[in-house]
Amino acid sequence: MNKKLLSFLLCVSLCSSCPSPAFAAQGPAPVFTDVPAGSWFEEGVMTCAEKGVMVGTREDCFSPDRKLTAVECLTLAVRLYDLQHGGDGVMKKAPEDWGRITLTLADGTVFDGYSEDGPFSWWEYRSARKGLYVTVPGETAEEQAAWGKAHSGAAALTIDNVTYQGTVDCWMPTDSYVLMFSPELPSESIASVQAVICDAIYADIPGPDRWYRDVVYTAHQLGLKDEAVTPGFTSLLSRTLYNGSGCSRMEFSLALAEAAGELEKRFTVESLPDLAREGNEDIYALYEAGVLTGMDEFGRFDADGSLTRAQAAVMVARVLDETQRVTTPPMHGGAYAKAVAELRNSFGYHNEQTIETPDCTIFIYDKGGMMKAPTGAMQLIYKPDSQLGEGTVIGLPHAWVNPGLAICYPADTMTLHEDEKTFTYTYYRPEDIVHEGQVMEKAGSITFTVDLPTGEVTEELTPPTYEGALAHVTRKRIKTSSESSENREVVRLLETGDCSIVLTKGRFVETYDDYILSLVYKPGSAMGNGTIRQLILPSTVYDKGCPWYNPTDRAPDTLEVSEDGSTLTYTYSFDEALEDFHEAGTYTYTVDIATGELSVAHTAN
């Protein structure tokens with residue numbers, strides 16, 4: 001199988017286009033406008049900047065909330081390792097020919113590159129043959145076969161300035177012709193040379209155009225590619241192909257422990273709510289040295305969670321400066337802490353809100369559409385001395401908008417009553433849910449009332465109302481299966497006799513503002529009290545990571561109602577076309593407010 005294709009398939013869901021981190025020599029710390037004085041990460045950021053381990057993404061910007069990639073984490077860990085072992089933290093310059101592979105044919109044709117992005121692959125699959133190969137040029141199989149046969153014969157393969165004489169022959173192992181290289185050596189030497197060639201192919205050494213080439217070279221020179229000695233570094237090094245891939249807290253912490261070396265133990269941590277001690281002694285050692293504190297007061301580790309620049313800076317700074325290490329262990333949380341940790345570490349978890357009561361914590365969170373729980377799912381986790389017992393977990397019911405696909409929105413309203421014993425939350429369903437001609441769920445406001453001491457829930461359905469619809473449009477969060485989204489902000493509110501025209505804005509996948517334009521109908525309107533019509537807004541961005549939904553990060557250029565209140569008109573103008581979404585020019589949308597019917601006209605530039 002083609003190594004490059006396999007690597008692409010493995011990383012396609014992880015890759016992003018984050019810029020590389022900035023690093024500098026030791027010196028005065030810069031002033032970052034996004035690092036507030038007194039923030040939990042200020043001292044850590046300043047220490048890393050002064051030591052030259054990390055500086056800003058721009059001159060005055062640190063980007064504390066930006067997530068680190070695996071290669072960026074490798075860079076931090078290598079710099080820290082070098083500093084902790086008497087070095088200056090400066091990366092060693094990789095020689096030009098380090099990792100370079102060159103195949104020269106008898107007629108002078110040259111295939112040249114590096115293991116990470118060169119033209120070479122290794123074949124060893126369901127065949128007695130094995131070795132380095134390159135795909136033969138040509139648009140068709142016939143063209144490839146002709147070119148390959150014409151160029152078969154003597155060849156020389158050079159790896160790190162060592163040349164191996166041999167031959168290439170044309171072969172078709174799958175759906176393309178290739179030239180396979182065979183070294184001309186005594187039979188007893190073939191295996192060892194083939195091993196050298198294979199190692200070179202799979203070394204994943206970045207080419208000269210990659211910013212992290214010197215980082216990988218330095219890691220090799222420091223002996224950090226020995227899986228038996230430094231498995232944490234080895235794991236990060238194995239992912240240099242995936243420059244944009246994320247790095248989990250566990251992956252970075254393992255490399256951090258290896259880079260830090262032996263640290264003074266300050267206290268004993270008996271247990272963590274989401275990480276057993278067995279097999280994780282290095283992580284526990286970081287806790288007991290005061291380097292790690294966890295993600296909550298109980299020390300939850302969150303092994304699979306992502307890592308931000310601020311978090312990494314604080315962890316590294318605590319290794320470099322022992323005065324910044326914590327002096328007290330996490331709280332022992334018992335069954336309550338374990339229940340919270342299990343919730344927070346479930347796949348797809350994010351977007352938490354909590355409401356504290358004497359009996360329990362109400363967790364409102366987003367599990368991401370069709371994963372373990374729907375968007376806006378809620379759980380009660382009971383505290384010590386509660387009637388139901390510490391660690392008891394109760395999942396609260398939802399109002400489905402599509403039961404067949406397990407899709408639900410967050411509640412529109414949530415109220416903890418003054419006695420802190422009753423919790424009420426409401427969903428609004430704009431219309432009946434019909435399946436195969438049968439009404440599965442009726443439209444209206446669905447109100448759930450929870451008796452918190454006992455966990456008992458009652459439900460009430462009331463007919464659709466304008467007030468319920470308006471709360472739904474202005475307060476619900478965006479349904480999304482990745483990253484977080486925020487409550488909607490009302491940007492424009494226009495009133496007519498029939499309806500309210502509401503333009504709202506929310507954050508979509510931490511990247512775009514997402515505008516939504518809705519008509520919310522009033523009592524006495526022809527459309528009916530509480531009816532909602534969501535209008536079309538053209539996508540102004542194309543997020544290739546979310547092809548199922550393309551948000552609109554721009555409000556309409558104009559938005560106005562006719563004098564008689566019967567027509568809504570809004571426009572968007574585009575200087576350039578956006579593939580599959582709109583042409584250049586002006587789009588004018590006209591809405592008959594009484595019926596909600598919409599028409600659109602396009603005028604070219």
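Put simply, the side chain of Asp60 does not reach to within 4.5 Å of the side chain of Val31, judged on heavy atoms. Under the 4.5 Å side-chain criterion, counting only non-hydrogen atoms from C-beta, Thr218 is not in contact with Gln221. Between Arg266 and Thr327, some side-chain heavy-atom pair lies under the 4.5 Å cut-off. With a 4.5 Å cut-off on side-chain heavy atoms, Val78 and Met91 count as touching. A heavy-atom distance below 4.5 Å is found between the side chains of Ile283 and Met250. Tyr81 has its side chain out of reach of Leu76: every pair of non-hydrogen atoms, C-beta onward, lies at least 4.5 Å apart. For the pair Met315 and Ser253, the minimum side-chain heavy-atom distance is below 4.5 Å. Residues Leu236 and Cys247 are in side-chain contact: their nearest non-hydrogen atoms beyond the backbone lie under 4.5 Å apart.
Each of Thr293, Leu292, Asn280 was compared with Leu286 under the side-chain contact (heavy atoms from CB on, under 4.5 Å) criterion, and only Leu292 meets it. Between Leu179 and the choices Tyr133, Trp171, Trp147, the side-chain contact (heavy atoms from CB on, under 4.5 Å) rule is met once, by Trp147.
For Glu96, the CD atom sits in a loose shell: 12 or fewer heavy atoms of surrounding residues, nucleotides or ligands are nearer than 6.0 Å. Other residues, nucleotides and ligands contribute only 12 or fewer heavy atoms inside 6.0 Å of the CD atom of Glu262. Atom CD of Glu583 sits in a sparse spot, with 12 or fewer heavy atoms from other residues, nucleotides or ligands closer than 6.0 Å. Residue-environment remark: CG (Asp226) exceeds the threshold of 12 foreign heavy atoms within 6.0 Å. Around atom CD of Glu297, more than 12 heavy atoms belonging to other residues, nucleotides or ligands sit under 6.0 Å away. Around atom CG of Asp160, more than 12 heavy atoms belonging to other residues, nucleotides or ligands sit under 6.0 Å away. The local environment of CD in Glu143 is crowded, with over 12 non-hydrogen atoms from other residues, nucleotides or ligands closer than 6.0 Å.
For the atom pair Arg309 CZ and Asp34 CG, the distance stands at 9.0 Å (nearest 0.5 Å). In this structure, CG on Asp97 lies 7.5 Å from OG1 on Thr102, to the nearest 0.5 angstrom. Put simply, CG on Leu272 and CE on Met295 are 13.5 Å apart, with the number rounded to the nearest 0.5 Å. The line from CG of Leu320 to SG of Cys48 is 6.5 Å long, rounded to the nearest 0.5 Å. Rounded to the nearest 0.5 angstrom, Lys130 NZ and Ile190 CD1 are separated by 10.0 Å. The CD atom of Glu258 sits 6.0 Å away from the CZ atom of Phe233 when rounded to the nearest 0.5 Å.
In this structure, Phe32 and Phe62 have tilted ring planes: the angle between them lies in the 30° to 60° band. The aromatic rings of Tyr284 and Tyr287 sit tilted, their planes meeting at an angle between 30° and 60°.
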Stepwise salt bridge (Lys or Arg N to Asp or Glu O under 4.0 Å) check, Arg100 with Asp112: CA-CA 7 Å; Arg100 188 171 187 172; Asp112 186 68; 3.1 Å; yes
Residue pair Asp82, Arg79: steps toward the salt bridge (Lys or Arg N to Asp or Glu O under 4.0 Å) verdict: CA-CA 5 Å; Asp82 194 41; Arg79 283 191 174 276; over 6 Å; no
Step-by-step salt bridge (Lys or Arg N to Asp or Glu O under 4.0 Å) determination, Arg277 to Glu288: CA-CA 12 Å; Arg277 178 178 283 274; Glu288 293 174 338; 2.7 Å; yes
Derivation of the side chain to side chain contact (heavy atoms under 4.5 Å, CB included) call for Gln144 and Thr140: CA-CA 6 Å; Gln144 288 184 330; Thr140 66; over 6 Å; no
Intermediate values then yes/no, side chain to side chain donor-acceptor pair (under 3.5 Å), Asp304 and Ser248: CA-CA 5 Å; Asp304 296 325; Ser248 71; 5.3 Å; no
Stepwise salt bridge (Lys or Arg N to Asp or Glu O under 4.0 Å) check, Glu72 with Arg66: CA-CA 12 Å; Glu72 290 169 342; Arg66 206 199 79 192; 2.6 Å; yes
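The two atoms that bring Ser235 and Ser238 nearest to each other are O-OG, 2.6 Å, heavy atoms only. Ala584 and Asp575 make their closest contact through CB-O, 3.7 Å (heavy atoms, listed as atom of the first residue, atom of the second, distance). Closest heavy-atom contact between Arg325 and Ala289: CD-O, 3.3 Å. Scanning all heavy atoms of the two residues, the minimum distance from Thr163 to Ala156 falls at CG2-CB, 3.9 Å. Closest approach of Phe301 to Asp274, counting heavy atoms only: N-OD1, 2.9 Å. A pairwise comparison of heavy atoms in Pro330 and Val269 identifies CD-CG2, 4.1 Å as the closest pair.
No donor-acceptor distance shorter than 3.5 angstrom exists from the side chain of Ser176 to the backbone of Met172, with no hydrogens or angles considered. For Arg213 (side chain) and Pro206 (main-chain N/O), a donor-acceptor pair under 3.5 Å exists by modelled atom type. Side chain of Thr104 to main chain of Gly108: no donor-acceptor pair is present (N/O by atom type, distance under 3.5 Å, no hydrogens or angles). A side-chain donor-acceptor contact under 3.5 Å links Asp214 to the backbone of Ala94. Side-chain atoms of Gln311 come within 3.5 Å of backbone N or O of Thr308 as a donor-acceptor pair.
Between Tyr217 and Trp98, the gap from one ring centroid to the other is short of 6.0 Å.
Cation-pi check for Arg129 over Trp123 is not met; the charged atom does not lie both under 6.0 angstrom from the ring centroid and within 45 degrees of its normal.
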